[in-house]
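Below: the structure, in structure tokens.
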Amino acid sequence: MYRDYMAAWNLRAERVGGVSLRLLYDIYQFYAFVSSILGLALRLKWTARPAVINVLIRQIYFTGVEGLPWTILIALFAGVTAMYQVVPFAKSMEDVSLIGTLTSSLLVQEMAPVLMSLFLLTRSGVAVVTEIGNMHIRGEDTLLHSLGIDLHEYLYLPRMVAFALCGLILTILFVAISIWIGGLLIAWNHEMNFIQFLIEVRKGTSVGEMMLMTGKALLFPLICCGMLLFQASRVGRNPNHIPVRATYGVLGSLVMIVVVDVLIALGRGLI
Amino acid sequence: MSRMCWRNIPANGADRPQSGSVENGRHMRLIMPEKQQLMWLQQLLLEHAPASRTAWRIWLETDTASAQAGTPAFLERVSIMLRQRGAMANLSLRENLLLPFLYHAEAEALLQAETDLPAVAEFLGLTDELDRQAGECSPYTHRLISLGRALLQKPAIIVAQDIHVGIPFEDLPAFRTRFAEALKQLRSGLLYLASSEQEDWGLHFDQPIRGSAS
């Protein structure tokens with residue numbers, strides 16, 4: 001009886017250990033994958049390769065340019081919603097300086113980078129996994145090998161660079177549009193003068209906070225794209241793996257964005 | 001003179017591992033099942049850890065140097081034609097033909113390839129289709145792209161994996177003629193990985209080497 005009880009516990013411990021080891025190994029592989037791509041990016045050899053630049057331009061067009069109308073639409077609604085929460089609250093507290101502080105904390109530092117990363121993840125993320133996964137299934141990775149082309153440099157690097165660049169630019173646009181639209185609507189409703197609103201927002205936003213937004217706007221899309229490409233690279237030759245890997249990619253990216261955001265907030269709290 | 005050599009490649013079903021070589025102008029055929037062909041290709045493509053020359057399993061010898069399989073120097077002089085995939089689906093036929101040159105970005109080679117492209121496209125009968133997406137084209141066109149890439153690359157050795165198999169019956173004679181003509185023009189060596197020795201596709205192989213009894 002006692003032996004059976006111990007055996008059951010040993011089995012559970014083995015399972016937990018196995019899962020933990022697999023998780024650690026996956027994290028290590030993800031780290032190795034992303035760091036090899038970042039290493040290639042920093043070496044800058046790719047900038048002299050027209051084939052890589054062609055892929056980069058296509059990815060920027062698909063991720064950034066085609067995503068622009070959606071970004072504007074989201075920014076319009078997010079700006080209006082945020083300002084209609086912030087301004088009445090600041091007025092009720094009889095402290096207009098709260099407008100700038102809250103806009104900076106909520107919209108600029110948190111909403112903009114997270115919303116834009118989620119937008120990139122939903123719009124381009126699944127497409128990235130599907131495209132790369134299909135390339136593996138069609139054997140195009142073998143073809144690239146046979147031509148002496150580095151998969152990391154030709155397939156993965158341009159997509160990561162495009163995600164990071166588009167993430168940054170779309171986030172800045174998102175912030176600008178949402179603040180302007182929010183301010184214009186508030187002025188239209190005679191709640192506050194538009195110029196006064198902009199001054200309050202400017203007062204409440206420091207350079208450090210802008211830099212934090214820039215960092216997040218670069219980091220979150222990089223994390224998303226790294227995770228998506230990592231999952232896409234593991235599709236193998238089975239088409240059934242594409243939706244599975246896409247799901248893992250999207251969920252993994254979401255979890256990582258939240259974890260990194262929390263870590264940044266904790267880090268700032270400690271500083 | 002260039003020569004591609006291989007040594008101690010395990011041969012499924014054969015008595016002992018295979019060794020041999022193929023040089024410029026010679027056509028050689030290895031008969032083996034598809035699974036073993038893929039193993040061969042893996043040996044050709046994977047960049048192995050740098051090892052002493054005696055440990056190399058596949059390599060290319062030229063008058064001036066030797067290069068281990070999988071290295072950029074090897075893949076620059078050896079063109080590999082895959083049966084399953086000859087082109088990237090999301091690129092146009094023009095981009096597919098120029099892909100290795102656009103990637104390796106050696107200005108002189110790229111310029112030469114761009115100059116040769118119209119003649120190669122005409123030879124392949126693809127002049128009017130160069131701007132079509134490869135994903136919209138037939139497997140036969142993909143084989144032509146592989147051949148066109150070899151014509152632009154001017155390799156010392158071509159390794160072809162059952163490249164005639166699976167081509168529609170009506171296109172086969174034209175492909176056969178073009179492939180044989182291309183080899184004549186290039187004077188490259190040919191190592192043909194075939195699953196059957198029934199048909200020689202007009203290539204007049206020097207000798208069939210049986211890699212497997214199956």
Side-chain angles (χ1 to χ4, degrees), chain A residues 36 40-41 43-63 66 124 127-159 161-162 229 232-233 235-239 242, chain B residues 37-38 40-47 67 69-92 94-107 109-111 113-114 134-135 139 142-143 145-146 149-150 152-153 155 158-161:
Chain A
S36 78
L40 282 170
R43 262 175 253 148
L44 294 178
K45 267 189 184 172
W46 58 275
T47 54
R49 299 192 192 280
V52 180
I53 299 294
N54 281 349
V55 180
L56 177 65
I57 291 169
R58 280 174 203 202
Q59 289 303 316
I60 287 178
Y61 180 77
F62 174 67
T63 310
E66 288 190 346
S124 306
V128 163
V129 180
T130 311
E131 190 186 14
I132 302 281
N134 273 320
M135 283 181 181
H136 283 290
I137 286 159
R138 288 193 297 253
E140 290 180 3
D141 51 343
T142 314
L143 172 67
L144 289 173
H145 270 307
S146 76
L147 300 174
I149 294 175
D150 183 353
L151 289 190
H152 281 59
E153 195 173 21
Y154 180 73
L155 288 185
Y156 306 143
L157 170 70
R159 284 168 174 83
V161 173
L229 290 172
S233 70
V235 164
R237 298 280 185 252
N238 185 350
I242 293 180
Chain B
Q37 292 173 9
L38 296 176
W40 243 90
L41 291 171
Q42 201 176 24
Q43 291 285 340
L44 281 172
L45 298 178
L46 288 184
E47 192 157 348
T71 58
F74 178 88
L75 293 172
E76 208 172 90
R77 305 287 295 133
V78 176
S79 186
I80 298 164
M81 297 174 69
L82 304 167
R83 181 160 72 91
Q84 299 290 352
R85 178 57 46 182
M88 299 288 290
N90 63 349
L91 298 181
S92 68
R94 183 192 308 278
E95 287 168 323
N96 266 296
L97 284 166
L98 294 175
L99 183 60
F101 305 96
L102 288 169
Y103 176 79
H104 296 297
E106 284 153 14
L110 177 58
L111 191 68
E114 281 173 339
H142 286 205
R143 310 281 169 96
I145 292 296
S146 282
R149 221 183 274 121
L152 291 173
Q153 194 184 350
I158 294 175
V159 179
Q161 182 215 1

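Note: hydrogens, waters and symmetry copies are ignored here, and every other heavy atom, side chains too, is used. Numbered from 1 within each chain, the chains take letters A, B, ... in sequence-line order.
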Which heavy atom of [X] sits nearest a heavy atom of [Y], and at what distance?
X      : Y      : answer
B:L45  : A:S146 : CD2-CA, 3.3 Å
A:G148 : B:L75  : CA-CD1, 3.6 Å
B:A105 : A:P50  : CB-CD, 3.8 Å
A:L143 : B:M88  : CD2-N, 3.9 Å
B:H104 : A:L147 : NE2-O, 3.0 Å

Any heavy-atom pair between the side chains of [Y] and [X] that's under 4.5 Å?
X      : Y      : value
A:Y154 : B:L99  : yes
B:L82  : A:T142 : yes
A:H145 : B:L41  : no

Leading residue by heavy atom contact count with chain A [cutoff under 4.5 Å; candidates B:L98, B:V78, B:L110, B:N90]: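 When all of B:L98, B:V78, B:L110, B:N90 are compared, B:N90 has the most.
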Between CZ on residue B:R85 and CG on residue A:L144, distance to nearest 0.5 Å: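 Atom-to-atom, B:R85:CZ and A:L144:CG are 10.5 Å apart.
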Contacting moiety of B:E95, where chain A heavy atoms sit under 4.5 Å: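 The side chain, not the backbone.
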Under 4.5 Å from any heavy atom of chain B - which part of A:N134: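 For A:N134, neither part sits under 4.5 Å from chain B.
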